[in-house]
Amino acid sequence: MGFAHNNVLHANHFRKDWQRRVRTWFDQPGRKLRRRNARKTKAATLGVRPLTLLRPAVRGQTVRYNRKLREGRGFTLAELKEAGIGRKEARGVGIVVDHRRRNLSEEGKKVNVERLIAYKQKLIVFPRKAGKTKNGDSAAEDLSASTTRVTLPLPESYPTEAPRKITAEEREFEAYKTLRTARANARHEGARKARAAKKEEEEAAKKK
């Protein structure tokens, strides 16, 4: 390390005693086995319940990820109401509720309502005590049906369409021009209304 000109001398401290501060991770294989055994134990204690709770299908945030569907935190109250499930009842049958989430589109709401209805149709509610059924428990013939512990998969983010020919109407349609016209109409709507109102007033004044 050379020194040149009238500069400040270097004060590099290289003796950091790093051997005292280094973190080791030699117990990783043991932890892996322990986690696996814990998952097995938990699955056994759950009985016939699904391994995971039912969550809604939501779009990812930002332009980069909004074409992807992922599991959200919980279903909205509007989605539960449309599917005919009470908010208190939902948590008891493995449905997560998020009272803060809002539905911003009818399409997204429809997907989750259909998801709830499909889950409700497949749901089998066993009575807590054998022979003592309560309101909301499944019928006796449903209890003997085969069960699965896998939750509903997420729907396709975009349904695939079969290839087809472009119609003459689609060829003639000018998307950019239509968008610009609609934008201009929305922008000048207020001024045009004011101008029309003023014109009507002037005409009415002339008639008097």
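- The line from CZ of Arg102 to CG of Leu77 is 7.5 Å long, rounded to the nearest 0.5 Å.
- There is a path of hydrophobic side-chain contacts, each under 4.5 Å, that joins Leu54 to Ile85.
- Atom CD of residue Gln61 and atom CG of residue Asn66 lie 9.0 Å apart, to the nearest 0.5 angstrom.
- Atom CD1 of residue Ile124 and atom CZ of residue Arg49 lie 15.0 Å apart, to the nearest 0.5 angstrom.
- Annotation for Ser157 and Leu69: closest pair CA-CD1, 3.6 Å, computed over non-hydrogen atoms.
- A donor-acceptor pair under 3.5 Å links the side-chain atoms of Asn112 to the main chain of Ala57, judged by distance alone.
- Under the 3.5 Å distance criterion, the side-chain polar atoms of Glu172 are left unmatched by any main-chain donor or acceptor of Glu169.
- A salt bridge does not link Lys206 to Glu202: none of the charged nitrogens lies less than 4.0 Å from a carboxylate oxygen.
- The CZ atom of Arg180 sits 4.5 Å away from the CZ atom of Arg183 when rounded to the nearest 0.5 Å.
- Taking 4.0 Å as the cut-off between side-chain N and carboxylate O, Glu79 and Arg101 count as a salt-bridged pair.
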*Would you please test Leu46 and Leu51 for side-chain contact (heavy atoms from CB on, under 4.5 Å) and show each step?*
CA-CA 8 Å; Leu46 285 173; Leu51 295 171; 4.2 Å; yes
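- In Asp17, the CG atom is crowded: over 12 heavy atoms of neighbouring residues, nucleotides or ligands sit closer than 6.0 Å.
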*Could you please spell out the steps behind the side-chain contact (heavy atoms from CB on, under 4.5 Å) verdict for Ser105 and Arg59?*
CA-CA 11 Å; Ser105 70; Arg59 293 274 170 192; over 6 Å; no
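- When all heavy atoms of Val97 and Arg87 are compared, the pair lying nearest together is CG2-O, 4.0 Å.
- Closest non-hydrogen pair, Arg55 versus Val96, comes out as NH1-CG1, 3.7 Å.
- Atom CG of Leu123 and atom CD of Gln121 lie 11.0 Å apart (nearest 0.5 Å).
- The NE2 atom of His188 sits 9.0 Å away from the CZ atom of Arg195 when rounded to the nearest 0.5 Å.
- Residues Leu116 and Leu152 share a single hydrophobic cluster, defined by chaining ILVMFWY side chains whose heavy atoms lie under 4.5 Å apart.
- Residues Leu104 and Lys109 form no side-chain contact, since every pair of their non-hydrogen atoms from C-beta on lies 4.5 Å or further apart.
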*Go through the steps to decide whether Arg91 and Leu53 satisfy the test side-chain contact (heavy atoms from CB on, under 4.5 Å), and finish with yes or no.*
CA-CA 9 Å; Arg91 197 64 183 86; Leu53 299 170; 3.8 Å; yes
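- Annotation for Leu33: atom CG counts as buried by contact number, over 12 foreign heavy atoms lying within 6.0 Å.
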*asked:* Determine whether Glu170 and Phe173 satisfy the following criterion, side-chain contact (heavy atoms from CB on, under 4.5 Å), listing intermediate values before the conclusion.
replied: CA-CA 5 Å; Glu170 286 172 343; Phe173 179 69; 5.6 Å; no
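- Between the side chain of Arg70 and the backbone N or O of Val58 there is no donor-acceptor pair closer than 3.5 Å.
- The two residues Ile95 and Phe75 make their nearest non-hydrogen contact at CG2-CD1, 3.5 Å.
- The number of heavy-atom neighbours closer than 6.0 Å to CZ of Arg187, taken from other residues, nucleotides and ligands shown, is 12 or below.
- Here the side chain of Lys32 pairs no donor or acceptor atom with the backbone of Asp27 at under 3.5 angstrom.
- Annotation for Arg67 and Tyr158: closest pair O-CE1, 3.6 Å, computed over non-hydrogen atoms.
- When all heavy atoms of Pro155 and Arg115 are compared, the closest pair comes out as CD-NH1, 4.3 Å.
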